[in-house]
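Since the structure comes first, as structure tokens, the remarks are kept for the end.
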Amino acid sequence: MLKYELEAAFLAGIIELGFSQVNTITLERPKNLDFGDFASNIAFQLARDLKRAPVQIAVELTQRLADDSKLADHICFSAVNGFINMTLSDDYLWSRFTSLGEPVDFPEFPGQILLEFVSANPTGPLHIGHGRWAVIGSVMASLLRFVGANVHTEFYVNDAGAQVGLLRDSVSAVRDGKPVPEDGYQGDYIHELAKLDQDPVQVNMASQKAVLDRIGVGFDCWFSELSLHDKGAVEACMATLKEQSLSYEKEGALWFKAQSLGDEKDRVLIKADGRYTYFAVDIAYHHDKLCRGFSRLINIWGADHHGYVPRVRHAVMALPESSRLLEDGFTFCLGQMVSLRRDGEPVKMSKRTGEMITLDEVVTEIGSDATRYFMVEKSPDTHMDFDLSLAKTRSSENPVYYIQYAHARICSLLAKVGDIQLDESMGLSEPLIPKERALLLHCVKFYDEIWGCATQLQVHRLPQYTWQLARLFHHFYEVCPIIKASDSLQQQRILILLKTRFILRSCLSLMGISAPERM
RNA sequence: GCGCCUGUAGCUCAGCUGGAUAGAGCAACGGACUUCUAAUCCGUAGGUCGUAGGUUCGACUCCUACCGGGCGCGCCA
């Protein structure tokens, strides 16, 4: 990892110069490329301690780094307005670039991670929101695995609660020609289910699996709520809470002492009618996760459940087994809602009334690649306006195709060039022109970017990086002829093509998007 | 009323630990294909970053208040 290594080396250099108070250095990337490849604001931070002007400090540091530091072999330092700007030498950039693809030592990513996402009730088809969590979750899993983390993915199936009962009742009613129960499920899909001679819950699960499969989202485990009840895990968990004096009885119900742990009020675990609440079973599920040895729990939930997060967090953290969790080992990623539009008109989504566009229909309309791209493209924190007609009609200007086209262009060029023996360790034979340099620099930051995405769980940065990569390649393509280049330059550029394609493929593969060789 | 998310170009959104002149796509307008795929590229236009204060050498980013939008506040799941 380039930036990571540079930060360590730069920090060592700064300490060597006598600034032992500096603990960490985070290099930033200047927005303006004229300022260099990386920059440090360390002079501003030191200014207060030293009571000197940042500009002076930067100048002095820059001089001394240029004179003494080992970094000076690879990097040109310059002080501008108090910033210390660093520009990699072309030779160094080239050597980093040509070594792309060699094994990378990421820092250890500790913990056994359980990543739970989607977890939709098996009471109907998945909608576009589920699609969003599904894609975010699967890309997050890919990213984490890429950097060496140990990840287990899980879909929690609520196959035991009142809702599945209501679904079965609704379907039975339709089968018997009776009106569906009060608060029952409506809609065409209920009538479709009624025609089948199978358990509607099983049918729904199968179709949920099918559509997730269509967009390349799979799980290591589909965890059945029923299995928790069957093995007495809920009962056992309630006993644990009782042992911890975290529950009490009142008005015929069993309550969890949530308020004393910081929640707004206490919450019911067992209702007066003797049934478990969803909350109780959810604690048991998380308890089970801990008992299975996971030390880091990540839940991707729809933001409509955010009010539910504190009580689950408090309950889980109160369990004795939570001591197995790493620090900050219980994370919720809350995805904001997706509003669907068609021709600018909002589409109402309600499972109850059956008025909805399913994920399956969206995938049919715009395809798996586009669905996946659009779903990860934006930060999960933002509400998403997704216009179906737009996604479909603008297919030719779609960012997905822009990226895929870059890949196809590379493949086409390489096919034209044919088999050429390349020495991957060859030096730079011709100076890099700016468009080449920008492309190489971006490629070389790949592992840092992935590491950032994975550790900060910021999945949406990956499509941004990838789009930028495609853009830089298209720019390179415009001004850098390959077929007609001289032999040495051609070899150099073919290597650029090969390495760029490698990074592009890596990105697409992480996002689960295809990399066509021809378009 | 309380809590979480959000408010950046006409539209959809980036902007990572506060940093140097606020970015992109789409839409609009004007250019580039006898030359490696024009699903591409180049250019023009478009902004008091919701509002008002505060912290700081420095704020789209942090704090406070207010305004607008979304979601949630069950012995529902």
Side-chain angles (χ1 to χ4, degrees), chain A residues 24-32 34-35 39-41 44 47-48 53-55 80-83 85 121 123 158 160-164 166 183 225 250-255 264-265 267-282 302-310 334-337 339 344 374 377-387 390 394-406 408-417 449 452-453 456 458 460-461 463-464 467-468 470-471 473-475 477-485 493 497 518-519:
Chain A
T24 54
I25 293 265
T26 307
L27 296 181
E28 48 195 78
R29 29 174 205 185
K31 283 174 197 159
N32 189 335
D34 296 340
F35 287 133
S40 170
N41 59 3
F44 290 93
R48 190 172 303 156
V55 175
V80 183
N81 299 332
F83 292 91
N85 297 329
N121 283 348
T123 51
N158 293 117
Q163 293 302 314
V164 289
L166 200 54
D183 296 330
E225 178 189 347
K250 189 181 88 178
E251 295 163 2
L254 185 71
W255 295 72
E264 291 169 6
K265 52 184 171 184
R267 309 288 179 175
V268 171
L269 294 164
I270 302 179
K271 297 182 268 183
D273 66 4
R275 294 181 170 194
Y276 293 112
T277 58
Y278 182 90
F279 177 48
V281 186
D282 225 9
D304 51 342
H305 290 93
H306 78 263
Y308 187 66
V309 170
L334 296 174
Q336 294 296 320
M337 305 282 98
S339 348
F374 281 113
E377 184 192 29
K378 281 147 196 171
S379 159
D381 288 337
T382 64
H383 320 113
M384 195 170 143
D385 264 340
F386 192 70
D387 195 316
L390 212 61
R394 75 177 172 193
S395 60
S396 61
E397 292 102 20
N398 205 306
V400 189
Y401 297 125
Y402 183 81
I403 293 166
Q404 290 178 324
Y405 184 49
R409 269 184 153 176
I410 295 175
C411 291
S412 161
L413 275 177
L414 288 172
K416 237 170 202 128
V417 170
E449 195 60 30
C453 292
Q456 296 173 51
Q458 288 181 320
H460 69 284
R461 277 165 53 181
Q464 285 171 34
W467 186 86
Q468 182 66 16
R471 178 183 172 82
F473 169 74
H474 287 307
H475 292 174
Y477 181 93
E478 287 298 317
V479 296
C480 293
I482 282 111
I483 308 291
K484 288 178 181 166
R493 287 185 173 162
L497 291 179
R518 207 167 300 160
M519 289 176 76

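So you know, we letter chains A, B, ... as the sequences are listed, proteins then strands, and number each from 1.
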Exercise. Using a cut-off of strictly less than 4.0 Å, decide whether A:His475 has a side-chain nitrogen or oxygen near OP1 or OP2 of B:U40.
Key: no
With both distances kept under 3.5 Å, what pairs with [N], Watson-Crick or G-U wobble?
N: B:G68; answer: B:U6
N: B:U40; answer: B:A32
N: B:C73; answer: B:G1
N: B:G18; answer: none
N: B:G25; answer: B:C11
N: B:U48; answer: none

Check every atom of [options] against the side chain of [X] and return the nucleotide holding the closest atom.
X: A:Lys265; options: B:C41, B:C60, B:G74; answer: B:G74
X: A:Leu413; options: B:C75, B:C41, B:U37; answer: B:U37
X: A:Arg409; options: B:A24, B:A77, B:A38; answer: B:A38
X: A:Tyr405; options: B:G25, B:U40, B:A77; answer: B:U40

Quiz prompt | Parallel, tilted or perpendicular: rings of A:Tyr308 and A:His305 (30°, 60°) | solution =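 Plane angle over 60°, so perpendicular.
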Suppose we call a contact any N or O donor and acceptor under 3.5 Å apart; does that hold for the side chain of [X] and the base of [N]?
X: A:Glu264; N: B:C73; result: no
X: A:His383; N: B:G69; result: yes
X: A:Asn41; N: B:G19; result: yes

Exercise. Give a yes/no verdict on base stacking between B:A20 and A:Phe35: centres under 5.5 Å, planes within less than 30° of parallel.
Key: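 Stacked: ring centres under 5.5 Å, planes under 30°.
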Quiz item: Between A:Tyr402 and B:A39, do the rings stack, that is, sit under 5.5 Å apart with planes less than 30° off each other?
Solution: no
Could you check whether [X] gets within reach of a base, just the sugar-phosphate, or nothing at all, counting any heavy atom under 4.0 Å?
X: A:His474; answer: sugar-phosphate
X: A:Phe279; answer: nothing
X: A:Val309; answer: nothing

Quiz item: Okay, side chain of A:Thr277, backbone of A:Leu269: is any donor-acceptor separation there less than 3.5 Å?
Solution: yes
Quiz item: Start at the 5' end of RNA chain B and walk down; is the nucleotide closest to A:Asp385 or to A:Gly307 reached first?
Solution: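 On the 5' side of the pair lies A:Asp385.
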